[in-house]
Amino acid sequence: MGVKLITCGLPYANGKAHIGHLRTYIPADVYVRYLRLMGENVLFICGSDCHGTPIVVNAEKEGMHPKELVNIYHEHFKSVFSAVGVEFDYFGRTDSDYHHEMTTQFVKKLVENGYIYSKEIELAYCPKCKRFLPDRYVEGICPYCGAVARGDECDQGCGRYLEPGEIKDPRCKICGTKAEFRKQKHYFFRLTAFREFLLDYLDKLKGTENALNYAKEWVKKELKDWCITRNLEWGVKFPGENLVVYVWVDAPIGYISYTKEACRLKGCDWKAIWIDGISNGKIRWADITHFIGLDIVYHHCIFWPAMLKGADFALPSAIVASGMVKVEGKTFSKSRGYVVWLEDDYLRRGFHPDYLRYYIVNYTSHQKDLNFSWRTLMDKVNNELIANLGNFIYRVLYFTWKNFDGNVWEELDEFNLDREVIDNIAKAKDEITKALKKWEFKVASDTFMELSSFGNNYFQSMEPWELIKKDKVECARVVANCLHIVKALIVLSYPVLPFTMKRVAEYIGMNLDCIKIDSVLELDNIKVVKKPKPPFKKIEEEEVDRVEKVMLERIRRAEEVEKKKEVVKIEDFSRLDIRIGKVLKAEKIEKSKKLIKLEVDTGGEVKQIVAGIADTYSPDELVGKLVVVLVNLKPAKLMGVESQGMLLAVDVGGKAVLLIPERDVPPGSRVK
RNA sequence: AGCGGGGUGGGGUAGCCAGGUAAUCCCGGCGGGCUCAUAACCCGCAGAUCCGUGGUUCAAAUCCACGCCCCGCUACCA
């Protein structure tokens, strides 16, 4: 049987795992587990995305080599994934030798096939950092509204999208130095050559509509050739040049290199997956499903297939994009505090991974936005998992244990499942199978909850607690039916709740390792082999209060930071009367560490100003200097001396550096 | 600004593509029942002008047009 390859978008090894990541990984893992349940031969692949400017910048900030930074997050992701039960067959990294090798081969193939050309382009460069600046590392003035803007977007002003080079007064966002524009030879991928191919491909590609529609529109609209090299040390070298290939070129190639590694370890054939495929029409299809976030649709539906086609690989057959995550009703945002960190907020606080798995899969359809709220988590766990599913499983197992010592079969000579029990189990199995074909994980999980609900109903209407007193055989028959529902529930919900169901399965001596979905309808002499415990632990109100408090505090702090970045209007600025002043007199204030009393001519008026600059300046050197003064500041007394204004200076590690006009200007000149 | 997705009882959804009695299911609310079960389970009830306006039609949540609102994306952040 052919191998089905399932991948997840590669996590960027530059920060910790948060709930947004799991929006993609958990459904993918659930899908993989269901596929295996249905007898498919699946390879589940992922790994760290380790290159790119942000990692280099961040590593510098932390005083380490990019590799060290990557090591940290690579291990972090691995441990978090394992803690939430996302079990990849292979979890690689793009800074490994095998990946560099694969990427180099891939790029060479593109060159060989004539899809790469070079061109000189102008790019922003920071002479101090000695680095070319991606747009998001450029800060300047928005040409439309005058607000401070990023290189690609006026994020604090008018919100307009800016074309590269459009921004005024570009500066390096990291060090503030004025950016230069430098000419540089770069390599481009002839994406435009794939327009017809992509239109045809996207027409036949399977996946969620949110991904496909979006990509189709994009291709119809306009395609540009794609610049695929960067001036950076860290990354995969572009053959024969002192450039690296752009991370978005090498990252998806990770899907291939990781498959190859996985196959080397497991003894399968990576070429059968990525090269051979199955031809249908003009397209050579590979049995590959990419699970991704909505934000990287165009990479996976446009750039990636074009790259694969251009390098003679087979093409993925499905792209499944998950919706976005909201936190407590607000758009997910790390900077605004609307984030749930998996390690610190969730796992370390003792929340069970299965709860989160259920929440993510069951809250809404895979394509829609998912709102995470702690209170909803509590509601869903306590009222759904526990009250419905957990309760049914437990009441049946415990009833069996208590009244039959775990074995109902001694009472029964002959046994058949009730028609309605068979029908309901069969229906659940079919519905789940159908739902998975459409990546409707909510429908799948609702379905086993429905079966559990049926179980509760059945139990209730049969009243085994009454039967046990009157008719033990009939009671055993009812319980046997219930035990089969329990078995079906374990199997059908196992992909969503692997930790819990594995434990529950032990109560009936069942091994889930190689279990197949068809077994839900097979008759078994199910016995309860050890004293059952309730499958789930409730989430207490207090736990939610506590974690909500942490979150609110985080949001509050973020808002404070945000306030500091607040945009002011020109009118606000013009309320400040800032003028050039000439220092007439200066003397140190006795007993103070760094205060100097100055007399400053601000044009027709001599002001007495106290400034905390004695660390850097002596009174003598100040006399005669031109300085910048805020003159309409409300007077205040410092160490008993009145100050009628403020000298403007830069604070460099607590030391003042005065602002001085660059040319000789008359005192009193207004600063604007 | 452009493009994409979406707006159905308090929350989440089904239905829309193939119009047909005013609408599915889950959670929550209210009332009752049961006691095997983690105050769990079972039954019943309330609650929606299906974003607005106009159009097509015998008939619209469903089709068309315009408008409003929310979300996402826009290639050199990954």
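No hydrogens, no waters, no symmetry mates; every other heavy atom, side chains included, goes into these values. We name chains A, B, ... by the order of the sequence lines, and we start the count at 1 in each one.
In this view, A:S96 and A:R93, A:Y98, A:H99 satisfy the side chain to side chain contact (heavy atoms under 4.5 Å, CB included) rule, not counting sequence neighbours. A:R230 is linked by a salt bridge (charged side-chain N to carboxylate O under 4.0 Å, His left out) to nothing, counting only residues two or more places apart in sequence or in another chain. In this structure A:K469 satisfies the salt bridge (charged side-chain N to carboxylate O under 4.0 Å, His left out) test together with A:E466, sequence neighbours excluded. By the salt bridge (charged side-chain N to carboxylate O under 4.0 Å, His left out) test, A:K438 is found to be paired with no residue, residues two or more places apart in sequence or in another chain being considered. Under the rule for a salt bridge (charged side-chain N to carboxylate O under 4.0 Å, His left out), the partners of A:K530 that lie at least two apart in sequence or sit in another chain are A:E506. Partners of A:A251 by side chain to side chain contact (heavy atoms under 4.5 Å, CB included), not counting sequence neighbours, listed by chain and number: A:L10, A:D49.
The cationic group of A:K119 lies under 6.0 Å from the six-membered ring centre of A:F188 and within 45° of the ring axis, placing it in a cation-pi geometry.
Within the nucleic acid shown, A:F536 comes within 4.0 Å of at least one base atom, counting heavy atoms only. Contacts of A:S453 with the nucleic acid, taken as non-hydrogen atoms under 4.0 Å apart, involve only primed sugar atoms and P, OP1 or OP2. Across all strands, A:I55 comes closer than 4.0 Å to no nucleic acid atom at all (heavy-atom distances). Here A:K402 lies in heavy-atom contact (under 4.0 Å) with sugar-phosphate atoms only. Within the 4.0 angstrom heavy-atom criterion, base atoms lie near A:L123. At a threshold of 4.0 angstrom between heavy atoms, the contacts of A:P534 include nucleobase atoms, whether or not backbone atoms are also involved. A:D379 comes within 4.0 angstrom of nothing in the nucleic acid, heavy atoms only.
The side chain of A:N362 places no N or O atom within less than 4.0 Å of a non-bridging phosphate oxygen (OP1 or OP2) of B:rC26. Phosphate proximity of B:rG72 to A:T331: present, with a side-chain N or O under 4.0 Å from OP1 or OP2. Remark: A:Y298 is in phosphate contact with B:rU74, judged by side-chain N or O atoms under 4.0 Å from OP1 or OP2. At least one side-chain nitrogen or oxygen of A:Y394 sits closer than 4.0 Å to the OP1 or OP2 atom of B:rU38.
Counting only heavy atoms from C-beta on, A:W248 has its side chain closest to B:rA78 among B:rG12, B:rC76, B:rA78. Relative to the side chain of A:N391, the nucleotides B:rA78, B:rA40, B:rC76 differ in distance, and B:rA40 lies closest. When distances are taken from the side chain of A:Y363 to each of B:rU38, B:rC42, B:rG12, the shortest belongs to B:rG12.
Atom CD of A:E384 and atom P of B:rA40 are 13 Å apart (whole Å). The interatomic distance linking A:Q367 (CD) with B:rG12 (P) rounds to 17 Å, in whole Å. Per the geometry, CZ belonging to A:F399 stands 14 Å off P belonging to B:rU38, to the nearest Å. The distance between atom CG of A:N383 and atom P of B:rG11, rounded to the nearest whole Å, is 18 Å. Distance, A:K427 NZ to B:rC25 P: 11 Å, rounded to whole Å. One can place CZ of A:R375 at 14 Å from C1' of B:rG28, the figure rounded to the nearest angstrom. In this structure, the CZ atom of A:F459 is 7 Å from the C1' atom of B:rA37, given to the nearest Å. Atoms CZ (A:F404) and P (B:rC36) sit 14 Å apart, rounded to a whole Å.
Classification of the A:Y201-A:F197 ring pair by plane angle, with boundaries at 30° and 60°, yields parallel.
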(message) Please determine whether side chain to side chain donor-acceptor pair (under 3.5 Å) holds for the pair A:S452 and A:N388, giving the CA-CA distance in whole Å, both sets of side-chain angles, and the decisive distance to 0.1 Å.
(response) CA-CA 6 Å; A:S452 168; A:N388 180 2; 2.6 Å; yes
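Remark: B:rG72 base-pairs with B:rC3; criterion is Watson-Crick or G-U wobble with both hydrogen-bond distances under 3.5 Å. Within the shown strands, B:rG29 is the pairing partner of B:rC45 under the Watson-Crick or G-U definition, both distances less than 3.5 Å. Base pairing of B:rG19 is not made with any nucleotide, judged by Watson-Crick or G-U wobble geometry with both donor-acceptor distances under 3.5 Å. Nucleotide B:rA65 is matched to B:rU53 when pairs are restricted to Watson-Crick or G-U wobble geometry with both distances under 3.5 angstrom.
Under the side-chain hydrogen bond (donor to acceptor under 3.5 Å, both in side chains) criterion, the residue pairs touching residues 12-23 of chain A are A:N14-A:N58, with sequence neighbours excluded. Sorted pairs that involve residues 388-404 of chain A and meet salt bridge (Lys or Arg N to Asp or Glu O under 4.0 Å), not counting sequence neighbours, are lacking altogether. Residues in residues 377-390 of chain A take part in these salt bridge (Lys or Arg N to Asp or Glu O under 4.0 Å) pairs, two or more places apart or across chains: A:K380-A:E384.
To the nearest 0.5 Å, the span separating CG on A:N456 from CD1 on A:I485 amounts to 9.5 Å.
Between B:rU21 and B:rG4, the distance separating the two P atoms is 32 Å to the nearest Å. The same atom, C1', is picked in B:rG29 and in B:rA1; the two are 45 Å apart, to the nearest Å. Between B:rG55 and B:rA60, the two C1' atoms lie 12 Å apart (nearest whole Å). Taking atom C1' in both B:rU24 and B:rG47, the straight-line distance is 16 Å, to the nearest Å. The same atom, P, is picked in B:rG54 and in B:rA14; the two are 29 Å apart, to the nearest Å. Spacing of P atoms, B:rG6 relative to B:rC63, comes out at 11 Å, to the nearest Å. For B:rA48 and B:rG9, the C1' atoms lie 4 Å apart once the distance is rounded to whole Å.
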(request) Report, as a single string ordered 5' to 3', how protein heavy atoms within less than 4.0 Å touch nucleotides 2-8 of chain B: B base, S sugar-phosphate only, - not at all. (result) -SSS---
Polar atoms only, N or O, under 3.5 Å: list the protein pairs with nucleotides 31-34 of chain B and their distances.
from	atom 1	to	atom 2	distance (Å)
B:rG33	N2	A:Q460	NE2	3.2

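Using a distance-only test at 3.5 Å, with no hydrogens or angles considered, no donor-acceptor pair links the side chain of A:N362 to the main chain of A:Y358. At distances below 3.5 Å, at least one donor-acceptor pair connects side-chain atoms of A:S322 with backbone N or O atoms of A:I292.
For residues 8-22 of chain A, proximity to RNA chain B is found at A:Y12, defined as any non-hydrogen atom under 4.0 angstrom from a strand atom.
Of the two residues contacting RNA chain B, namely A:M324 and A:F454, the nearest-nucleotide position lying further toward the 5' end is that of A:F454.
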